[in-house]
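Here is the structure we will look at, set down as structure tokens.
In what follows, every heavy atom counts, from backbone to side chain, and hydrogens, waters and symmetry copies are set aside.
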Amino acid sequence: MEEIDRQIMALLADDGRMSFTDLAKRTGLSVSAVHQRVRRLQKRGVIRGFTAQLDNGQIGLPLTAFVSIKPIDPAAPDDAPDRLAHLEAIEACHSVAGDESYILKVRVASPNELEDLLQQIRAAANVATRTTVVLSTPWEGRRPAL
């Protein structure tokens, strides 16, 4: 990947709303060249989209937890992600090495909602859970070192 593409990605990772004009100024390219490069990065799937970063506390989801899941029956099919996709409180699902099969990042409004969600996860995927509740988040969402 070219250095200029890395620079564009870093700028967009820091500010996804940066205009093509500002990107051009910061990279030394023309606006049309920046536009072409961004479109090419999108077509290749390097840039998958642009999103708003929400303050979860202000939107009523102050409780974050990580839920490790492990199948109750080790011979069961490995389809937990498909079985859990309908649960909107699950923000991310990571396949992991170790005792557990997956670690889920969840956001809910209260401990009671977390308890309800854990029951839904166990029932939907036939898994055992281990939960770690986040007390605070000093930082999150770092962009990769480009």
Who passes ring-ring contact (aromatic ring centres under 6.0 Å, His included) against His94, sequence neighbours left out?
none
Taking every non-hydrogen atom, the tightest pair across Thr137 and Val134
OG1-CG1, 3.5 Å
From Leu63, Ile90, Val133, Thr131, residue fulfilling side chain to side chain contact (heavy atoms under 4.5 Å, CB included) relative to Val106
Ile90
Rounded to the nearest 0.5 Å, how far apart are NZ of Lys105 and OG1 of Thr132?
13.5 Å
Show me, pair by pair, the donor-acceptor contacts under 3.5 angstrom made by side chains of residues 110-118, not counting sequence neighbours?
from   : atom 1 : to     : atom 2 : distance (Å)
Ser110 : OG     : Asn112 : N      : 3.4
Ser110 : OG     : Glu113 : N      : 3.1
Glu113 : OE1    : Ala109 : N      : 3.3

Is Ile103 reachable from Leu87 through a run of I, L, V, M, F, W or Y residues, each pair having side-chain heavy atoms under 4.5 Å apart?
no
Going by the rule side chain to side chain donor-acceptor pair (under 3.5 Å), which residues pair with Asp79 if we only count those two or more places apart in sequence or in a different chain?
Arg83
Between the side chains of Gln36 and Arg39, is a donor N or O closer than 3.5 angstrom to an acceptor N or O?
no
Could you go through Tyr102 and Asp78, starting from their C-alpha distance and side-chain angles, then the distance that decides it, and tell me whether this counts as side chain to side chain contact (heavy atoms under 4.5 Å, CB included)?
CA-CA 10 Å; Tyr102 296 92; Asp78 184 12; 2.8 Å; yes
Looking at every heavy atom in both Val34 and Ala24, which two are closest together, and how far apart are they?
CG2-CA, 3.6 Å
Using the rule that Ile, Leu, Val, Met, Phe, Trp and Tyr join whenever any side-chain heavy atoms are under 4.5 Å apart, tell me whether Ile121 and Val96 fall into a single cluster.
no
Heavy-atom count around Arg17 CZ within 6.0 Å, excluding the residue itself: above 12?
no
I'd like a table of donor-acceptor pairs (distance under 3.5 Å, sequence neighbours excluded) in which one partner is a side-chain atom from residues 64-74, with atom names and distances.
from  : atom 1 : to     : atom 2 : distance (Å)
Thr64 : OG1    : Arg107 : NH1    : 2.7
Asp73 : OD1    : Ala75  : N      : 3.0

Less than 3.5 Å apart, which donor and acceptor atoms pair up between the side chains of residues 2-12 and the rest of the protein, not counting sequence neighbours?
from : atom 1 : to    : atom 2 : distance (Å)
Glu2 : OE1    : Arg37 : NH1    : 3.4
Glu2 : OE1    : Arg37 : NH2    : 3.2
Asp5 : OD1    : Arg37 : NH1    : 2.8
Gln7 : NE2    : Arg26 : O      : 3.1

Quick one: CD on Gln120 to NE2 on His86, what's the gap to the nearest 0.5 Å?
6.5 Å
Going by side-chain heavy atoms closer than 4.5 Å, which hydrophobic residues are tied to Leu54, directly or by a chain of links?
Ile59, Leu61
